[in-house]
Participant: 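Sharing a structure here in structure tokens format.
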Number of protein chains: 2
Amino acid sequence: REKFRGLSPAEFFYKNREIAGFSNPVRALYQTIRELVENALDATETHGILPEIKVNIKPLENDHVFVRVEDNGIGIPPTEIPIVFGRVFYGSKYQLRQTRGVFGLGVKMAVLYAQITTGKPLKVVSTQNKSKYEYEFEIQIDIAHNMPIIKNMAIREKTFPHGTIVELITEGNWTLARRKIESYLERTAMIAPYATIVLEELDSKKEYRRVSKVLPPPPETGKYHPKGADLELVKNMIRRSKKSLTLMKFLMENFDGVGKKTAENFLTWAGFDPETKLSKLTLQDIEILVRKMKEYEKWRRPKPITLSPVGESLLKQGVKRILNPSYVTAVTRPPSSFGGNPFIVEVALAYGGNVPQSDTPTLYRFANRIPLLYDEGADVSRKVISSIDWSIYKVKFPAPLAIVTHICSTKIPFKGVGKEAIAEVPEVEKELEIAIREAARRLRRHLSKLEKLYEVKRR
Amino acid sequence: REKFRGLSPAEFFYKNREIAGFSNPVRALYQTIRELVENALDATETHGILPEIKVNIKPLENDHVFVRVEDNGIGIPPTEIPIVFGRVFYGSKYQLRQTRGVFGLGVKMAVLYAQITTGKPLKVVSTQNKSKYEYEFEIQIDIAHNMPIIKNMAIREKTFPHGTIVELITEGNWTLARRKIESYLERTAMIAPYATIVLEELDSKKEYRRVSKVLPPPPETGKYHPKGADLELVKNMIRRSKKSLTLMKFLMENFDGVGKKTAENFLTWAGFDPETKLSKLTLQDIEILVRKMKEYEKWRRPKPITLSPVGESLLKQGVKRILNPSYVTAVTRPPSSFGGNPFIVEVALAYGGNVPQSDTPTLYRFANRIPLLYDEGADVSRKVISSIDWSIYKVKFPAPLAIVTHICSTKIPFKGVGKEAIAEVPEVEKELEIAIREAARRLRRHLSKLEKLYEVKRR
Ligand SMILES: Nc1ncnc2c1ncn2[C@@H]1O[C@H](COP(=O)(O)OP(=O)(O)OP(=O)(O)O)[C@@H](O)[C@H]1O
Ligand SMILES: Nc1ncnc2c1ncn2[C@@H]1O[C@H](COP(=O)(O)OP(=O)(O)OP(=O)(O)O)[C@@H](O)[C@H]1O
Ligand SMILES: [Mg+2]
Ligand SMILES: [Mg+2]
């Protein structure tokens with residue numbers, strides 16, 4: 001009576017594409033652009049390259065839209081090209097390191113949506129620095145098998161040093177999506193003042209030339225923190241380790257911030273002999289070990305080497321470039337963590353000048369340098385800002401006040417794979433409030449100074 | 001420099017379990033209960049069985065919680081048991097028919113979370129009506145391969161006619177999750193007054209005995225509507241059809257509500273000869289065909305046979321049972337559709353009696369009879385209710401006013417796989433407003449009557 005079947009990951013996201021942000025031609029076009037641009041920025045920044053990103057968007061007939069994104073990133077190895085574009089849950093960002101990409105899904109959604117609306121394949125050209133050649137592929141997805149279909153392929157001598165060009169023709173509502181897309185690119189220019197971003201449309205060309213040649217130090221790949229351990233993780237680590245390894249060495253080698261002293265103290269507290277060989281552990285021992293790892297209060301805090309905050313100087317430059325305020329300040333908080341995941345909150349506050357007047361602070365949200373434009377009502381940043389009484393900081397609405405919030409983490413608590421709203425993790429909420437209030441206090445000092453000057457002038 | 005890898009679906013949701021609602025021990029325990037209860041209700045209602053559902057929740061030491069859900073549903077075929085509990089993206093609800101389950105993911109998340117927090121396997125006993133035997137399995141998930149691991153298995157002569165018992169031990173915060181879970185079950189009793197639900201805790205037992213023996217007619221499996229067609233769907237349908245089939249017959253056999261006349265009219269309008277054999281179609285023909293299918297305005301509206309609204313009588317019974325108001329009214333709207341997906345909006349309004357006073361209407365949201373308790377701020381129902389000026393309906397806040405909204409569809413526009421908030425689809429929003437205002441008008445008539453009676457009494 002019930003018909004049982006399984007779906008491949010591609011089938012699942014084909015059937016449920018609205019969950020990934022591809023709910024209608026307006027939203028899908030926006031999501032397509034951002035998936036491509038986020039990949040381009042990951043391919044440059046994370047590897048110490050000053051980003052040069054060219055975006056072409058050209059509406060065609062029948063609600064089709066031509067989209068082209070070119071970057072000067074590290075390029076993609078030719079053997080990987082078909083799979084990274086043709087297989088859901090495949091990518092290079094499954095490591096513990098701050099990147100925009102995290103799911104191994106984004107560009108496949110763009111390929112899928114184009115495929116089911118226009119039937120046109122993705123076209124990609126990519127070359128790596130070390131290679132003499134550039135590789136061109138036309139790719140579609142075999143949805144039932146979650147595998148790429150290579151429609152065409154070419155190898156040529158390279159015509160550019162390194163980078164990737166992605167082209168597709170997808171169904172989109174350019175008229176309605178346009179402002180959101182332009183806003184997305186403008187905000188990307190805000191958070192990444194070292195990036196040059198060009199948007200070429202049918203009738204116009206907008207260029208955000210970089211205002212800084214300084215890149216924030218890229219993040220490094222790190223180890224899991226013992227606070228965030230779970231049974232499956234630890235069992236797998238033990239399975240991959242030499243059976244003769246001691247418990248102490250096992251912890252030191254596999255976890256973040258665990259030195260000899262820390263390992264010994266923890267294991268003794270947890271009731272284990274630090275010299276126990278892994279081979280001697282029973283399943284029950286492992287369960288106790290993991291439970292104790294989660295309970296232990298004396299682990300060192302997670303190292304922030306896996307993170308790459310923008311920093312106060314670049315934040316201010318980006319805000320000045322886009323908002324042109326009369327006053328700007330930025331706060332980068334020290335590293336914190338939730339459940340073993342390190343994170344850093346950064347806030348910039350802009351006041352006056354060209355900042356538009358509004359009844360509540362205008363909020364620019366970012367997570368791992370990704371601009372978040374939808375679902376503000378469900379986002380933790382909006383919640384914190386709405387809970388603040390701004391009058392104590394001398395702000396009287398309507399006011400020309402804008403707040404930029406940026407959360408960096410190896411585990412952004414996104415509410416969905418479409419990456420729009422961030423869940424209310426208490427530690428993150430607390431850090432946001434501290435940072436926003438610090439920026440607000442500085443604003444108050446500035447406004448007080450202005451008041452005094454104004455008083456003096458008047459007499 | 002970049003390390004490329006793929007994840008199995010189980011690995012993906014293990015790493016990103018917060019996206020499915022398993023973000024912390026409070027939320028995870030709530031989600032575990034609801035995934036099991038929703039499966040139990042699908043296994044009964046959808047098959048014309050008056051549900052008997054027993055839920056046992058017992059906190060153990062170390063934040064472990066024992067969970068057991070028993071139902072009198074149709075049971076699971078023994079060959080399917082390991083896979084439905086051990087493989088992500090596998091289930092029996094991938095058809096066009098209104099069910100609570102839609103993703104083929106829910107119970108696997110519960111199994112996964114228990115596995116990584118307590119190491120304990122899921123235990124399931126199930127028997128079907130036609131079978132002499134009951135089958136017991138202990139199952140875990142091979143996360144890397146997205147396959148079940150059968151830890152134990154037994155076959156016995158059956159001890160009950162039909163149904164399923166699911167047991168697991170998971171990490172959970174029962175103290176903090178308790179009220180939400182009790183609320184969830186109470187609301188389930190509200191929307192399903194024909195169901196008997198028993199909740200047995202350590203120190204208490206709550207029974208919602210059914211107040212009706214009437215089941216709403218179960219939904220039937222239906223066909224796709226041409227309005228919602230896409231290239232991939234139509235290409236696959238053509239691939240599976242006889243090459244000699246005419247375009248006209250193809251549309252009539254594969255799509256909802258397409259009779260001979262409709263097919264002929266559409267194909268002629270779209271520029272096709274209705275007698276064209278499928279084998280004669282080029283890829284370009286198919287692209288034009290699909291585009292025209294989406295554009296055509298004269299398709300018959302989607303048939304609601306795939307839906308199963310609760311109906312006004314049962315809605316009122318459920319509301320009376322739980323809220324005990326002095327006044328209740330219910331509105332079941334006629335079928336509507338968005339993008340080819342049929343849907344029905346139902347609203348109940350309760351006033352006075354035991355309905356608590358509040359500053360805004362208390363909202364009870366349901367989608368395919370699932371109570372939605374989180375993310376109300378991001379939900380379309382809350383948006384509609386907040387946009388209504390209740391004073392025109394004689395409601396002065398604080399007021400004892402409660403609104404129940406129920407959306408049934410073969411495609412609920414959930415914002416995430418955790419099934420909490422519903423996206424703002426314009427057609428759904430419009431239907432909600434019509435239904436709520438209709439109920440509000442009836443309330444106004446009732447309140448006017450009361451006013452007049454009061455006036456008469458006073459003189
Ligand atoms: N422009 C690009 N330059 C270099 N590598 C790229 C580029 N675009 C995609 N890739 C590679 O393809 C992989 C898959 O991209 P995809 O967008 O699907 O997933 P992701 O970026 O890893 O995660 P997310 O789903 O969160 O975006 C990336 O991890 C990266 O290795
Ligand atoms: N109590 C039960 N009685 C009968 N069948 C069940 C029961 N629990 C689970 N199943 C079967 O197992 C399948 C998988 O359940 P699962 O919860 O993972 O997915 P789903 O219910 O189909 O969709 P969703 O992820 O939206 O819940 C179901 O489709 C159903 O066929
Ligand atoms: Mg990506
Ligand atoms: Mg389910």
Side-chain angles (χ1 to χ4, degrees), chain A residues 1-9 11-12 14-16 18-19 23-24 47 62 74 76-77 80 83-84 87 89-95 102-105 112 115-119 143-144 221 230-233 235-236 283 286-287 291 339 375 377-378 413-418 421 423 425, chain B residues 1-9 11-12 14-16 18-19 23-24 47 62 74 76-77 80 83-84 87 89-95 102-105 112 115-119 143-144 221 230-233 235-236 283 286-287 291 339 375 377-378 413-418 421 423 425:
Chain A
R1 287 282 324 279
E2 291 282 292
K3 210 158 137 288
F4 296 86
R5 66 173 285 212
L7 297 185
S8 80
E11 272 178 308
F12 179 83
Y14 156 60
K15 277 174 149 282
N16 298 292
E18 69 287 345
I19 294 225
S23 35
N24 56 64
H47 303 279
N62 294 324
I74 54 163
I76 308 165
E80 295 289 354
I83 330 173
V84 296
R87 183 167 172 82
F89 296 157
Y90 191 89
S92 61
K93 298 166 203 167
Y94 288 134
Q95 325 171 41
V102 285
F103 297 125
L105 170 69
L112 208 66
Q115 180 169 326
I116 70 177
T117 56
T118 68
I143 296 179
T221 305
D230 65 71
L231 268 173
E232 200 70 22
L233 184 78
K235 281 179 183 171
N236 281 331
L283 211 55
I286 299 174
E287 284 167 28
R291 178 156 36 87
D375 291 350
F414 284 119
K415 285 189 166 189
V417 294
V425 172
Chain B
R1 289 286 325 278
E2 291 282 290
K3 211 159 138 285
F4 295 84
R5 69 173 283 213
L7 296 185
S8 81
E11 272 178 308
F12 179 83
Y14 156 60
K15 278 174 148 283
N16 298 292
E18 70 286 344
I19 295 227
S23 35
N24 56 64
H47 301 279
N62 294 323
I74 54 163
I76 308 165
E80 295 289 353
I83 332 175
V84 296
R87 183 166 171 83
F89 296 157
Y90 191 88
S92 61
K93 298 166 202 168
Y94 287 134
Q95 324 171 39
V102 285
F103 297 126
L105 170 69
L112 209 65
Q115 182 170 325
I116 70 176
T117 55
T118 69
I143 295 180
T221 305
D230 66 72
L231 268 172
E232 200 69 23
L233 183 79
K235 280 179 184 171
N236 281 332
L283 210 55
I286 299 174
E287 284 167 28
R291 179 158 32 88
D375 291 349
F414 283 118
K415 283 191 168 189
V417 294
V425 172

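Proteins get letters first, then strands, A, B, ... in listed order; numbering begins at 1 in each.
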Participant: Checking Phe12(A) against chain B: side chain, backbone, both or neither under 4.5 Å from a heavy atom?
Facilitator: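 The side chain, not the backbone.
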Participant: Output the distance between atom CD (Glu2(B)) and atom CD1 (Ile74(A)), rounded to the nearest 0.5 Å.
Facilitator: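 Interatomic distance, Glu2(B) CD to Ile74(A) CD1, rounded to 0.5 Å: 4.5 Å.
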Participant: Chain A: which of Arg5(B), Lys3(B), Arg1(B) shares the most heavy-atom pairs with it under 4.5 Å?
Facilitator: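 Of the options given, most contacts go to Arg5(B).
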Participant: Could you tell me which non-hydrogen atom of Ala144(B) sits nearest to which non-hydrogen atom of Ser8(B), and how far apart they are?
Facilitator: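 Of all heavy-atom pairs spanning Ala144(B) and Ser8(B), the closest is O-CB, 3.2 Å.
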Participant: For Ser23(A), which atoms come within 4.5 Å of any heavy atom of chain B: side chain, backbone, both, or neither?
Facilitator: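 Interface part for Ser23(A): neither.
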Participant: Supply the atom-to-atom distance Arg87(A) CZ to Glu80(A) CD, rounded to the nearest 0.5 angstrom.
Facilitator: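 With rounding to 0.5 Å, CZ (Arg87(A)) is 12.0 Å from CD (Glu80(A)).
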Participant: Looking at Thr117(A), Thr221(A), Ile143(A), Ile286(A), which makes the most heavy-atom pairs under 4.5 Å with chain B?
Facilitator: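 With the most close heavy-atom pairs to chain B, the winner is Ile143(A).
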Participant: Looking only at non-hydrogen atoms, find the nearest pair between Ile19(B) and Val417(B) and report the distance.
Facilitator: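 Minimum heavy-atom contact is O-CG2, 3.5 Å.
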Participant: Show the nearest heavy-atom pair for residues Phe89(A) and Pro9(B), with the distance to one decimal.
Facilitator: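 Closest approach of Phe89(A) to Pro9(B), heavy atoms only: CE1-CA, 3.8 Å.
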Participant: Among Pro77(A), Gly416(A), Gly91(A), which residue forms the greatest number of heavy-atom pairs with chain B at distances under 4.5 Å?
Facilitator: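 Maximum pair count with chain B is reached by Gly91(A).
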Participant: Could you check which of Ile83(A), Ile76(A), Asp230(A) has the highest count of heavy-atom pairs closer than 4.5 Å to chain B?
Facilitator: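 Between Ile83(A), Ile76(A), Asp230(A), the count favours Asp230(A).
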Participant: Drop me the distance from Leu7(A)'s CG to Tyr14(A)'s OH, to the nearest 0.5 angstrom.
Facilitator: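 Taking CG in Leu7(A) and OH in Tyr14(A), the distance rounds to 11.0 Å.
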Participant: Taking every heavy-atom pair that is under 4.5 Å apart, which of Asn62(B), Leu105(B), Thr118(B), Asn16(B) has the most such pairs with chain A?
Facilitator: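 Ranked by heavy-atom pairs under 4.5 Å with chain A, first place is Asn62(B).
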Participant: Relative to chain A, which of Val425(B), Val84(B), Leu231(B) shows the most heavy atom pairs under 4.5 Å?
Facilitator: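 Most heavy-atom pairs within the cutoff with chain A belong to Leu231(B).
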Participant: On a heavy-atom basis, which atom in Lys15(B) and which in Glu18(B) lie closest, and how many Å separate them?
Facilitator: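 Taking Lys15(B) first and Glu18(B) second, the nearest heavy atoms are O-OE1, 4.1 Å.
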Participant: Measure Gln115(B) against the heavy atoms of chain A and call it side chain, backbone, both or neither at under 4.5 Å.
Facilitator: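 For Gln115(B), the contact with chain A is made by backbone and side chain together.
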Participant: Can you tell me which portion of Leu233(A) sits under 4.5 Å from chain B's heavy atoms? Options are side chain, backbone, both or neither.
Facilitator: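 Both backbone and side chain.
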Participant: Phe103(A) versus chain B, heavy atoms under 4.5 Å apart: side chain, backbone, both or neither?
Facilitator: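 It is both, since atoms from each part get that close.
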Participant: Measuring only between side-chain heavy atoms, which start at C-beta, is Asp375(A) closer than 4.5 Å to Lys415(B)?
Facilitator: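 In contact.
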